[in-house]
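Below is one structure; the comments refer to it alone.
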Amino acid sequence: MRQSLIARSAADTEACGAQLARALPRSRPQMLQIQLHGELGAGKTTLARGFLQALGFAGLVRSPTYTLVESYVLDAVTVVHTDLYRLQDPAELEALGLRDLADGGHVWLVEWPERAGAWLPPADIDITLAARPAFHSIELRGSTAAGARWLAQAQG
């Protein structure tokens, strides 16, 4: 399952994240993971902001570039937003305690997942964002069966 979108504004990128949040499967016996790929300024955190706001988070969503991990405990789900840009070695992930957050009812939003090497489990949805001169492109791919169903539901 694949989907391609064009975002002409930050609001369009946030809307993509919100669409995924609204389609989030109600029954989550296992953790779900979205991996966000793209260069600096491509819109990864903007998409995460739209996702979190659609789930009811009203606060400020910043990139966890310096904290590396931010957890948002919401009514229906715990969202773990992580930015791995500053990692020098995938072994550094162990100290972040992410394994303790790999439970059902948790959704991970992972920026810069390529910095984790093979440490991360496979993404359910891979999203690649790219800044173009007049717009941003957003490519979504359901990478697991659960991710493909989730993305199909989001496409509605």
Side-chain angles (χ1 to χ4, degrees), residues 1-65 68-85 98-99 101-116 118-156:
M1 167 70 49
R2 290 183 180 269
Q3 182 179 15
S4 297
L5 303 169
I6 291 178
R8 298 200 183 280
S9 67
D12 289 347
T13 303
E14 288 175 352
C16 177
Q19 185 177 2
L20 286 169
R22 286 190 294 271
L24 186 64
R26 298 286 179 226
S27 171
R28 290 177 306 282
Q30 62 194 34
M31 175 198 79
L32 293 172
Q33 181 187 177
I34 296 175
Q35 290 186 358
L36 300 160
H37 307 270
E39 294 301 317
L40 291 170
K44 298 178 296 294
T45 299
T46 302
L47 190 139
R49 180 181 312 115
F51 187 90
L52 284 157
Q53 289 173 344
L55 291 173
F57 182 73
L60 185 61
V61 176
R62 293 188 183 119
S63 175
T65 300
L68 300 180
V69 178
E70 290 290 336
S71 291
Y72 300 87
V73 180
L74 306 169
D75 289 339
V77 65
T78 297
V79 177
V80 178
H81 184 198
T82 183
D83 183 332
L84 306 180
Y85 181 75
L98 290 176
R99 291 188 198 276
L101 302 172
D103 294 329
H106 284 68
V107 175
W108 288 9
L109 304 176
V110 182
E111 298 186 31
W112 298 95
E114 57 277 3
R115 302 280 175 120
W119 189 90
L120 288 175
D124 293 293
I125 297 178
D126 275 294
I127 302 177
T128 302
L129 300 104
R132 308 285 186 226
F135 62 89
H136 286 208
S137 65
I138 305 172
E139 301 289 328
L140 301 98
R141 180 173 53 90
S143 303
T144 63
R149 285 190 302 273
W150 183 6
L151 191 52
Q153 182 69 29
Q155 290 177 341

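The model shown is predicted, which means the values in this text are computed figures rather than measured ones.
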Evaluate the side-chain proximity of [Y] to [X]: yes if any heavy-atom separation is below 4.5 Å, no if none is.
X: D12; Y: F135; result: no
X: Y85; Y: L40; result: yes
X: W112; Y: L36; result: no
X: W150; Y: I34; result: yes

For residues [X] and [Y], is any side-chain donor paired with an opposing acceptor at under 3.5 Å?
X: T45; Y: E111; value: yes
X: E139; Y: S4; value: yes
X: Q35; Y: Q33; value: yes

Verify, without hydrogens or angle tests, whether [X] (side chain) and [Y] (backbone) share a donor-acceptor contact under 3.5 angstrom.
X: Q19; Y: A154; result: yes
X: T82; Y: L68; result: yes
X: K44; Y: L109; result: no
X: R141; Y: R2; result: no
X: H81; Y: E70; result: no

Search all heavy atoms of [X] against all heavy atoms of [Y] and return the closest pair with its distance.
X: T13; Y: A7; answer: OG1-CB, 3.3 Å
X: G41; Y: H136; answer: O-CE1, 3.3 Å
X: A134; Y: R8; answer: O-NH1, 4.0 Å

To the nearest 0.5 Å, what is the distance between [atom1] on [X] and [atom2] on [Y]?
X: T78; Y: L55; atom1: OG1; atom2: CG; answer: 10.5 Å
X: S71; Y: H106; atom1: OG; atom2: NE2; answer: 6.5 Å
X: T144; Y: M1; atom1: OG1; atom2: CE; answer: 12.0 Å

Revision key, fill the gap. Those residues at least two apart in sequence (or on a different chain) that pass side-chain hydrogen bond (donor to acceptor under 3.5 Å, both in side chains) with D83 are S63, T65

Practice item. Give the ring-plane orientation class for W108 versus W119, where under 30° counts as parallel, over 60° as perpendicular and anything between as tilted. Key: parallel

**Study point:** Verdict with supporting geometry, L129 and L47, side-chain contact (heavy atoms from CB on, under 4.5 Å)
**Key:** CA-CA 9 Å; L129 300 104; L47 190 139; 4.3 Å; yes

Point to revise | Pairs satisfying salt bridge (Lys or Arg N to Asp or Glu O under 4.0 Å), at least one member in residues 147-156, at least two apart | key: none

